[in-house]
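All ligand and atom numbering here is 1-based and tracks the order in the structure.
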Amino acid sequence: MPNQPDILEKLVSLCKRRGFIFQSSEIYGGAGSVWDYGPLGVELKKNLKDRWWHAMVRARDDIEGLDAAILMHPRVWEASGHVAGFTDPLVDCRNCKKRFRADDPKIKGVPGTPEAQCPACGMKGTLSEPRMFNLMFKTFIGPVEDSASVAYLRPETAQGIYVNFLNVQQSTRQKVPFGIAQIGKAFRNEITPGNFIFRTREFEQMEMQFFVEPGTDMHWFEYWKEQRMNWHKALGLDPARLLFHQHTPEELAHYARAAFDIQFDFGGTLDFQEIEGVHNRGDFDLSRHQEYSGKKLEYFDQPNNRRYVPFVVETSVGADRTTLAVLVNAYREETVEGESEGRTVLGLHPALAPIKAGIFPLVKKDGMPEFAEKLANELRPQFPVFYDESAAIGRRYRRQDEVGTPYCITIDGQTIADGTVTLRDRDTLQQERIAAGRVGEVIRARLAT
Ligand code: ATP
């Protein structure tokens with residue numbers, strides 16, 4: 001039994017209704033498993049990425065940022081092993097033409113034999129033998145579609161970091177140990193995408209490669225495991241829903257020296273799933289690029305007058321998948337004391353919330369809208385605010401609760417008399433009266449914690 005209820009369906013509906021996430025090309029019937037971030041979703045995901053960038057790049061002096069291109073030299077993907085090995089076994093049903101991963105638990109029997117039954121149409125003996133399917137999207141550079149112009153959409157951002165290792169090291173004069181971080185799109189022609197933004201064919205990764213002296217790699221591996229788990233907890237993800245999964249010998253890539261996934265409990269049928277991988281990759285990547293490019297990718301250790309190929313500890317986290325974890329973690333339905341209607345709340349970390357404060361005149365008269373609009377204009381340059389004068393005040397509070405706005409400011413009769421406003425907290429529902437002139441500083445202080 002899963003520990004957490006399945007709320008994915010409710011979340012998909014809320015995300016559409018409130019402008020977080022829309023299905024791609026919806027007016028054409030939708031593109032399957034492709035999603036667009038709406039006005040609130042783009043803010044949420046951007047806040048998440050900014051937090052990662054701040055923790056990994058800006059708050060440290062041993063990690064440099066990079067933004068490498070999606071298209072790379074095709075040899076990169078031979079060196080990385082993706083052309084030969086980035087494959088999933090696939091079976092086809094000759095009857096209904098559906099495709100499945102060969103290890104799909106819904107398949108009964110061994111694909112390719114007369115006993116195997118198609119999980120979609122139920123026919124026996126129609127499933128093909130497994131064949132390997134490369135997950136990279138292929139395209140062509142320039143007007144000629146021949147083998148010499150083949151290019152791939154990158155299936156991970158990491159290779160852009162490896163091939164720039166010496167460019168970054170020499171231009172910044174960083175000394176090992178140091179890291180390179182980047183955020184960017186990756187593309188995988190997944191056979192079974194699904195579960196909203198959990199698994200899509202186009203997604204964003206936030207990856208960091210930390211280059212270390214061989215022999216110190218396990219120390220740094222442990223360090224990064226802890227750092228990354230703490231980062232997820234600081235996002236507000238419930239610690240009881242987070243765990244480490246150590247790769248078994250079968251799961252471990254042949255070159256990897258150690259690998260742990262950070263898993264989050266998405267509830268329902270998804271249950272615990274990977275949101276981030278922390279990998280000790282040894283010198284596999286830099287050595288392969290040396291071999292395939294014919295260019296040395298060694299670090300020169302000046303104090304010891306020694307050259308070596310550094311080992312790499314990688315942290316790789318999905319921006320979309322973590323956005324989903326944040327939404328699942330934040331969603332709750334509550335009854336409100338003394339009220340017949342309950343409320344839906346996104347208990348987002350204030351730093352992630354797309355809107356930081358709702359600003360409401362209690363009624364549309366007696367100078368309240370003018371006061372409220374002036375306050376909104378003063379606060380807007382400091383953080384995102386939303387001015388709302390429509391509907392009853394309770395409705396306006398509910399609308400903000402549902403999109404995770406941590407504070408609501410109400411301008412009432414007393415405001416006009418003494419210049420104070422009420423500041424309502426989304427989670428405690430407590431309201432305090434403070435001077436309108438202090439609201440900005442009070443909210444900014446709370447957002448910073
Ligand atoms: P999975 O086993 O779930 O396919 P993976 O082990 O292939 O993931 P990595 O290659 O380690 O994933 O990628 C690092 C991170 O990128 C994952 O932890 C996940 O957050 C994200 N990610 C990978 N594939 C997808 C995808 N198809 N859609 C959304 N996010 C993805």
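Ring geometry for Phe196 versus Trp35: interplanar angle over 60°, hence perpendicular rather than tilted (30 to 60°). Between Phe178 and Phe165, the angle of the ring planes stays under 30°, which puts this pair in the parallel group of the 30/60° scheme. Taking the six-membered ring for Trp and thresholds of 30 and 60 degrees, His247 and His245 have ring planes inclined between 30 and 60 degrees apart.
An N or O contact shorter than 3.5 Å is missing between Gly277 and ligand 1 by distance. The N/O atoms of Val317, backbone and side chain alike, include none that comes under 3.5 Å of an N/O atom in ligand 1.
Not a single heavy atom of Asp320 sits under 4.0 Å from any atom of ligand 1.
Judged by the 6.0 Å distance and 45° axis criteria, Arg75 is not positioned over the aromatic ring of Tyr292. In this structure, Lys16 forms no cation-pi arrangement with Phe22, as its terminal cationic atom is not both closer than 6.0 Å to the ring centre and no more than 45° off the ring axis. In this structure, Lys225 satisfies the cation-pi test against Phe244, with its NZ or CZ atom closer than 6.0 Å to the six-membered ring centre and inside 45 degrees of the ring normal. A cation-pi arrangement is present between Arg424 and Tyr397, with the terminal nitrogen or guanidinium carbon under 6.0 Å from the aromatic centre and inside a 45° cone about the axis.
Interface atoms of ligand 1 facing Glu276, defined by a heavy-atom separation under 4.0 Å, are 18 (O).
The only member of Phe210, Phe260, Trp231 that meets ring-ring contact (aromatic ring centres under 6.0 Å, His included) when paired with Trp224 is Phe210.
In Arg201, neither the side chain nor the backbone holds a heavy atom less than 4.0 Å from any atom of ligand 1. With a 4.0 Å cut-off on non-hydrogen atoms, Arg199 touches ligand 1 through its backbone as well as its side chain. By the criterion of a heavy-atom distance under 4.0 Å, the backbone of Ile275, and not its side chain, is placed next to ligand 1. Contacts with ligand 1 closer than 4.0 Å are made by no heavy atom of Gln273, backbone or side chain.
Of the protein's heavy atoms, Thr200 N, 3.0 Å lies nearest to atom 28 (N) of ligand 1. Nearest protein heavy-atom neighbour of atom 6 (O) of ligand 1: Glu274 OE1, 3.1 Å. In terms of protein heavy-atom proximity, atom 3 (O) of ligand 1 is closest to Arg321 NH1, 3.0 Å. Considering only non-hydrogen protein atoms, atom 14 (C) of ligand 1 sits nearest to Ser316 OG, 3.0 Å. Closest to atom 21 (C) of ligand 1 among all protein heavy atoms lies Gly318 CA, 3.7 Å. The protein non-hydrogen atom at the shortest distance from atom 16 (O) of ligand 1 is Gln205 NE2, 3.4 Å.
A salt bridge links Arg399 with Asp388; the closest basic N to acidic carboxylate O contact falls under 4.0 Å. Checked for salt-bridge contact, Glu402 and Arg18 meet the test: a charged N lies under 4.0 Å from a carboxylate O.
Nearest residue to atom 9 (P) of ligand 1 from Arg188, Glu156, Glu204 is Arg188 (criterion: closest heavy atom). Nearest-heavy-atom check against atom 24 (N) of ligand 1 across Phe198, Phe264, Phe203, Phe86 picks out Phe203.
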